[in-house]
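Indexing begins at 1, ligand by ligand and atom by atom, following the structure's order.
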Amino acid sequence: MSSMINLLKKIYPLKLAPVSEDTDRAVEILCEELPFTIHEYQSGLEHNGWTVPKKWKAIKAEIKKDGKLIYDGMKHPLGVAGYSTSFKGIVSLKELKKHLFYHPKLANALVYHCDYYYKQWLKDWGLCIPYKLYKSLRDGKYKVDIQTLFEDGSMKVLDYFLEGDKEDTIVLNAHNCHAAQANDDISGVVTAIETIKRLKKRKKKRKYSYRIVIAPEHLGTVFYLAYLPKKTLKTFKYAIFLEMLGNNNRLAMQESFSGNSLIDIVAQHYLSHNFPDYYQDKFRKIVGNDETVWEAPGYEIPCISLSRWPYKEYHSSLDTEKIIFPERLEEAVEVVLGIIEIIETNTRMKRHFNGLIALSNPKYDLYIPTVDPSVRNSISEEQKKWNYLMTCLIRYFDGKTTILDIALKHNLEYSRLYKYINKYKEKNLISFID
Ligand SMILES: [Zn+2]
């Protein structure tokens, strides 16, 4: 078992792709962490216009001018545009430039290029070079020699199921197809795995079931959901997409398509009370990932995304372990577990009494003091809110209202409220009915 940062360091430098030797290697490494089920989809398989790519790798990628090697694309996993075809020939600078990709804001870095995996009909060649080099290219003839291999293979989707009391399942999804990108999205992969490992150890039994799905972006989840038995699919209630969680930035929560599902409400509540500097926006307004697949018609699984978008190294060769902070990964796990804990413990309450209870009586000891001029005390605004809550609370023990409903109505942090209400249970004044 690896720590999150060690696991990340093992996987992200690989030449990951939807289908590649190195992605198969990553699958092996991930299976050492959890006993995943591997779903395989053969190259060429089609669904809704998407096609499972062939197993791809680059073996040579050179640009020469006047007999001199001016660029070797094999020196870095991003040097050759993913899924580039082979090409050998002499081209003008104008023609060459049509096939060069770069990152104008990061002049010494390489850009991550993945378009060809998704638009396989383009059948084109391309190299990613530093912008600095691109700018320095002068007119003339360039000799290009790119050799890439396309073979039949299988795209692998990893799925680990953690059973709870109910079939209702919360899915954690992250992608593993970007070559040499630590934050996007091996940070999400390791966060999901660590979250599930800790959920397995949770002392109280889990009400919900959980599932991690680690898959190539879009392509993986498209085929996974298309081939999943309908019975299993019906159990998927919510999804959380996890990505870009290791960089040193505040958290960002992207809402599901409806924006008002339980997972949206819980995540918003948890983050606003525990990470007040977090940022929230509508569906697809922060990041663009597999939420479109989970939310697609016929599935309509509410999918929120957690990230630390934006970060300047995004989709570049600078997205490495150097920008990953172990404490940020740890915080991300804490957030996912915090959200899950609310969903797990939220309950309605049944009252065992009638009338008003003397809460300050030591036998209950449930009283939350407020301002009292006779004893000349002063209390915080926060405590005033808690005192007000106390005066209303017994009306919520009606078998209908949930702890989360109360937390939202009174704008009080859920876990503290849960602890307070749990004391009523310990005094046998109420019972939890969910
Ligand atoms: Zn990406």
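Backbone or side-chain N, O or S atoms of Glu217 do not reach the Zn ion (ligand 1) at under 2.8 Å.
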- Task: Any chance you could lay out the side-chain contact (heavy atoms from CB on, under 4.5 Å) test for Ser317 and Asn108, step after step, and finish with the verdict?
- Result: CA-CA 9 Å; Ser317 52; Asn108 293 311; over 6 Å; no

Working for side chain to side chain donor-acceptor pair (under 3.5 Å), residues His175 and Asp290: CA-CA 9 Å; His175 63 65; Asp290 302 57; 5.6 Å; no

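When the Zn ion (ligand 1) is compared with the N/O/S atoms of Asp184, atom OD2 turns out nearest.
Around the Zn ion (ligand 1), the two atoms NE2 of His315 and NE2 of His178 are separated by an angle of 100°, to 10 degrees.
If you check the side chains of Arg328 and Asn247, you find no donor sitting under 3.5 Å from an acceptor.
Ring pair His178/Tyr112: centre-to-centre distance below 6.0 Å.
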